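For reference, the structure discussed in these notes is given below.
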There are 2 protein chains.
Amino acid sequence: MQKFMPQTIDELQERCKALAGRSLADLSQELNVSIPENLLHAKGWVGQLIETFLGCSANSKALPDFPNLGIELKTIPINRNYKPLESTYVCTVQANTCTHWRDSWVYNKLRHVLWVPIFSDPDLALKDRKIASPILWQMDPETEATLRTDWEELMEMLQLGFGKKLSAKFGTYLHIRPKAANSDVLQDYIDEAGNKTKIVPKGFYLRAAFTEQLCKT
Amino acid sequence: MQKFMPQTIDELQERCKALAGRSLADLSQELNVSIPENLLHAKGWVGQLIETFLGCSANSKALPDFPNLGIELKTIPINRNYKPLESTYVCTVQANTCTHWRDSWVYNKLRHVLWVPIFSDPDLALKDRKIASPILWQMDPETEATLRTDWEELMEMLQLGFGKKLSAKFGTYLHIRPKAANSDVLQDYIDEAGNKTKIVPKGFYLRAAFTEQLCKT
DNA sequence: CAGGATCCAGACGTGGATCCGT
DNA sequence: ACGGATCCACGTCTGGATCCTG
């Protein structure tokens, strides 16, 4: 059962009110989808459940989840104390497409986000996990400055051919980690010496230390 | 039931002998695959049946059907008089990748081909269609000269931006036709004036007049 | 009947993320 | 607890070709 996509921010916020406090069992029953035993073989299940409830089409590449509103949806697993349990995936890294920050996928994905924190302590069964209050958020100048610096430094390392040395240790809010089916997946890359090589596809992620600020406000 | 891939040309020719004269009903029974009522919703079925019988893996992109032998497999529907009923698809057209003929996908697909003609008169039910004698063929210099000229002229028209005017009328042996799910599928293209536009994805095909020469020898 | 349009299966890529060893 | 590794769904692309109308 798919809902209609909200046409205005007010409609979206109404839908968010109807989401806060509800359990995943509750939501999946209303939407008539079956609930998996755990997330090991369904890692994206919660995110897709929330997408369905809020009425995003779940397809559409390169467009925000709510295209007419320009808003991106991100779920965040948190513990009882509103502390994120995981980093948050932002988008794939496009090596060799050097643009300005404002043209980047990262900026455009994070400019305007609906964060949906979900109480997800590991001892809490999937069905009993509950939605906290969704947060409609816009990137502020200070945050942008930090993200921009992170992005520029990380992209520069990639451009210069240091992709293999680019570990998840770099970056204040944003960092780069593998993003692939497994480590056998490889894509073309040109290293610092100008030689053709292969690296595992990578993605941008927000560190939990960053999203913690959002969830605790 | 998948067979092993032939490791030598001799093994491949043995397999071909076992194929000649047999009906599609016979083959599909041996391979334990169900036979469709007609080809309208299974246009590639015959080709895939023959692939299975001859032991090609059916995956592998950019590689020949028999990678270790460097041989490509092509089925050709023919009538009682060995005249092809259709043109033969070769490969997709890669606009904006101008290389030399010998580096082209067309040359490499057609250098060494196992043609499998199949009696396919329209009044003959799918199950009753029979395999004629497979033909293991290598491109000869005269054929290459004609194919090369066709390919160079067609590619030049594409490079120069005349993709929209490039109809299937051009080319002696080889021509270009749409190759997509339907005519709504579009891909980026730069026209003769240098403007960005969209065209339907295209493929190279061999005219029936060309394959007729092969089937009648 | 030639040329433009179309159809399926299966591989591949991307967006949704969490898992889990050190 | 962090960073490298991994997992599913689903849309898109590609290779297998034939359909079908003017």
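All values derive from a computational prediction rather than experimental measurement. Here is the naming used below: chain letters follow the sequence lines, and residue numbers restart at 1 for every chain.
Phosphate proximity of D:dC8 to A:H41: present, with a side-chain N or O under 4.0 Å from OP1 or OP2. One finds no side-chain N or O of B:K179 lying less than 4.0 angstrom from the OP1 or OP2 phosphate oxygen of C:dG4. For the pair B:T75 and D:dA17, the criterion of a side-chain N or O lying under 4.0 Å from OP1 or OP2 is met. For A:R207 and D:dG3, the shortest distance from a side-chain N or O to OP1 or OP2 is below 4.0 Å. One finds no side-chain N or O of A:S87 lying less than 4.0 angstrom from the OP1 or OP2 phosphate oxygen of D:dC2.
Counting non-hydrogen atoms under 4.0 angstrom, B:Q187 reaches nothing in the nucleic acid. At the heavy-atom level, B:K169 lies under 4.0 Å from the strands shown only through sugar-phosphate atoms. Backbone-only engagement by A:E72 is indicated by non-hydrogen atom pairs under 4.0 Å involving sugar-phosphate atoms exclusively. In this structure, B:G47 reaches the sugar-phosphate backbone alone: every heavy-atom distance under 4.0 Å involves primed, P, OP1 or OP2 atoms, never a base. Among the heavy atoms of the strands, none lies under 4.0 Å from B:K202. Residue A:P201 is classed as having no contact, given no heavy-atom separation below 4.0 Å to the nucleic acid. Residue-level contact check: B:A208 touches neither bases nor backbone, having no heavy atom under 4.0 Å from any strand.
Between B:L39 and B:C91, the residue anchored nearer the 5' end of DNA chain D, judged by the nucleotide with its closest heavy atom, is B:C91. Positionally, the nearest nucleotide of DNA chain D for B:W45 lies more toward the 5' end than for the other of B:W45 and B:N38.
Looking at the side chain of B:L40, the nearest of the listed nucleotides D:dG3, C:dG3, D:dC20 is D:dC20. Distance from the side chain of A:K43 is smallest to D:dC7 among C:dG15, D:dC7, C:dT6. When distances run from any side-chain atom of A:K74 to the nucleotides C:dG16, C:dC20, C:dG4, the shortest one goes to C:dG16. The side chain of A:R177 sits closest to D:dG3 out of D:dG3, D:dG15, C:dG15.
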Just do the side-chain hydrogen bond (donor to acceptor under 3.5 Å, both in side chains) check on A:Q94 and A:T92 with the steps written out, would you? CA-CA 6 Å; A:Q94 311 288 295; A:T92 57; 2.9 Å; yes
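Here the side chain of B:K74 pairs a donor or acceptor atom with the backbone of B:Y89 at under 3.5 angstrom. Side-chain atoms of B:D121 come within 3.5 Å of backbone N or O of B:R80 as a donor-acceptor pair. A donor-acceptor pair under 3.5 Å links the side-chain atoms of A:S120 to the main chain of A:I118, judged by distance alone.
Cation-pi geometry between B:K196 and B:Y189 is not met at under 6.0 angstrom from the ring centre and within 45 degrees of the axis. For A:R177 and A:Y205, the positive end sits near the middle of the six-membered ring, less than 6.0 Å away and at most 45° from its axis.
The OH atom of A:Y89 sits 18 Å away from the P atom of C:dC19 (whole-angstrom rounding). For the pair B:L186 CG and C:dA5 P, the computed distance is 11 Å after rounding to whole Å. Between the CH2 atom of A:W105 and the C1' atom of C:dG15 there is a distance of 10 Å, rounded to whole Å. To the nearest angstrom, P of C:dT18 lies 13 Å from CG of A:N79. Across the protein-nucleic acid pair, B:D184 atom CG and D:dT12 atom P stand 13 Å apart, rounded to whole Å. One interatomic measurement links the two molecules: CD1 of B:I199 to P of C:dG4, which rounds to 13 Å at whole-angstrom precision. Between the CG atom of B:L85 and the P atom of C:dA2 there is a distance of 11 Å, rounded to whole Å. Note: CD (B:E51) to P (D:dT14) measures 17 Å, nearest angstrom.
On a pure distance criterion of 3.5 Å, no polar donor-acceptor pair joins the side chain of B:Y205 and the base of C:dA2. No N or O donor and acceptor, one from the side chain of B:Q48 and one from the base of C:dC8, sit under 3.5 Å apart.
No side-chain donor from either of A:K127 and A:S28 sits under 3.5 Å from a side-chain acceptor of the other.
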